[in-house]
Asks: 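Once you've had a glance at the structure underneath, I'll fire off some questions.
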Amino acid sequence: MATDNHENSELNPFLQMTKRLEKASSLISVDAGVYKILAEPFQELAVSIPVRMDDGSLRVFTGYRVQHSVARGPAKGGIRYSPEVNLDEVRALSAWMTWKCAVVNVPFGGGKGGIICDPRRMSQGELERLTRRYTSSLLDIIGPERDVPAPDMNTNSQTMAWFMDTYSIYTRATCTAAVTGKPIGLGGSLGRNEATGLGVAIIARESLKYKSLPSEGCTVVVQGSGNVGGLAAKFMHDMKHKVIAISDMYGGIHNPDGLDMPKVIDWLQENGKLQGFPGTTDIDNNQLLALECDVLIPAATENQITSVNAADIKAKIIVEGANGPTSDEADMILEANGVFVAPDILANAGGVTVSYFEWVQNRMGYFWEEKDVLDRMERILVDSFKDVMASSERHETSARIGAYCLAVERVAYSHEMRGMYA
Ligand code: GLU
């Protein structure tokens, strides 16, 4: 399949995903034919989305939905709205969902969607019309048994409510299981909102334990302060670690004595940006990533740790809240420097795990208590961490490639057992 843009393969997320798939497949000797299936998306759709803007003009946006795999169950994965969305990014993100769902062993394949747009420059009405028209364009390939979207960058429970409503209007029946990450009270699950950030903190805790580092009082640096980074920082603070720096899209704040995270989150909500928070020094993204710390949590976007800056990283442990923040080239440098990386397909899997619970609850028509949801998620993540480390030890490889080995084995097994219809 032709890959688009990004001359530099280190910055092309799909090529990066392929490199890891190749490495894992060589360790577990995947059948050559099955490898070819896994290396390409199962199905992808690009759509033009005409939207009437508030000023009366008509704009046409481009949207994608890629289903990398439906071997283990319906495709599953978020939808992101961003000016940077491109097809290779969505392909990579959809494949990462396949591996992520397989690592935590939930019965889903992988998918991802994206619309090239700048949601900060659009009104709620424009976003609603964009979402509804996009949903209607995907009708042939989505549904609770086919492909179940969720929130991702710049989309939220409101976006999912519009998506669910539009789908339900077309199918003539309210279908809450068509999408996850919905508002509580409209079929959403308790715990879904905090699941990804909490999951990142749980994997950080397990990683610290694995590396025999203290369970309290470690220094933590977080890149990103959205639903993943902001909440991961808060949960690390709750676990009595010291969050010394955090950033948003405008820059970062640093205090070596530790930040009062609940106050930082309130400040961010009131001011719309972190910088200016009393008692902190402003820092930029490069300074933040290079800070001396025990745990670094990249929770912003792809391609943050590359061959250009990997050698500057002083963290002992990296826990990937974002999808694809570290390149394969950077992995080699980090490994040589003894930095332990808890990979994205494990570290941020708490979100999709609770999405799975939301889908189950919607199909049962019976809702669980928050404690049930979060306890079950924690158990799955702790077991998955053990499975990943066992796989990495068995194959004498990094945690990342160990996680890929585990995931690829599970997806390849489904293909082999299902057989080929031809
Ligand atoms: N967008 C999230 C992710 O990258 C959640 C996906 C989902 O819940 O389906 O894992």
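Counting starts at 1 for both ligands and their atoms, following the listed order. Everything quoted here is computed from the prediction, not taken from an experiment. Values below: every heavy atom of this structure, side chains too, minus hydrogens, waters and symmetry copies.
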Asks: Using a 3.5 Å distance criterion without hydrogens, assess whether the side chain of H241 forms a donor-acceptor pair with backbone atoms of S215.
Replies: yes

Asks: Using the side-chain hydrogen bond (donor to acceptor under 3.5 Å, both in side chains) rule, pick out the option among E89, K100, E302 that qualifies with N323.
Replies: K100

Asks: So, do W99 and H68 have ring centers that fall under 6.0 Å from each other?
Replies: yes

Asks: How would you list, by chain and number, the residues with a heavy atom under 4.0 angstrom from ligand 1?
Replies: K76, G77, G78, M97, K100, K112, A150, P151, D152, R192, N323, G351, V352, S355

Asks: Taking only residues two or more places apart in sequence or in another chain, which ones pass salt bridge (charged side-chain N to carboxylate O under 4.0 Å, His left out) with R120?
Replies: D118

Asks: Answer yes or no: does atom NZ of K273 have more than 12 heavy-atom neighbours from other residues, nucleotides or ligands under 6.0 Å?
Replies: yes

Asks: Under 3.5 Å, is there a donor-acceptor pair between the side chain of T219 and the main chain of D294?
Replies: yes

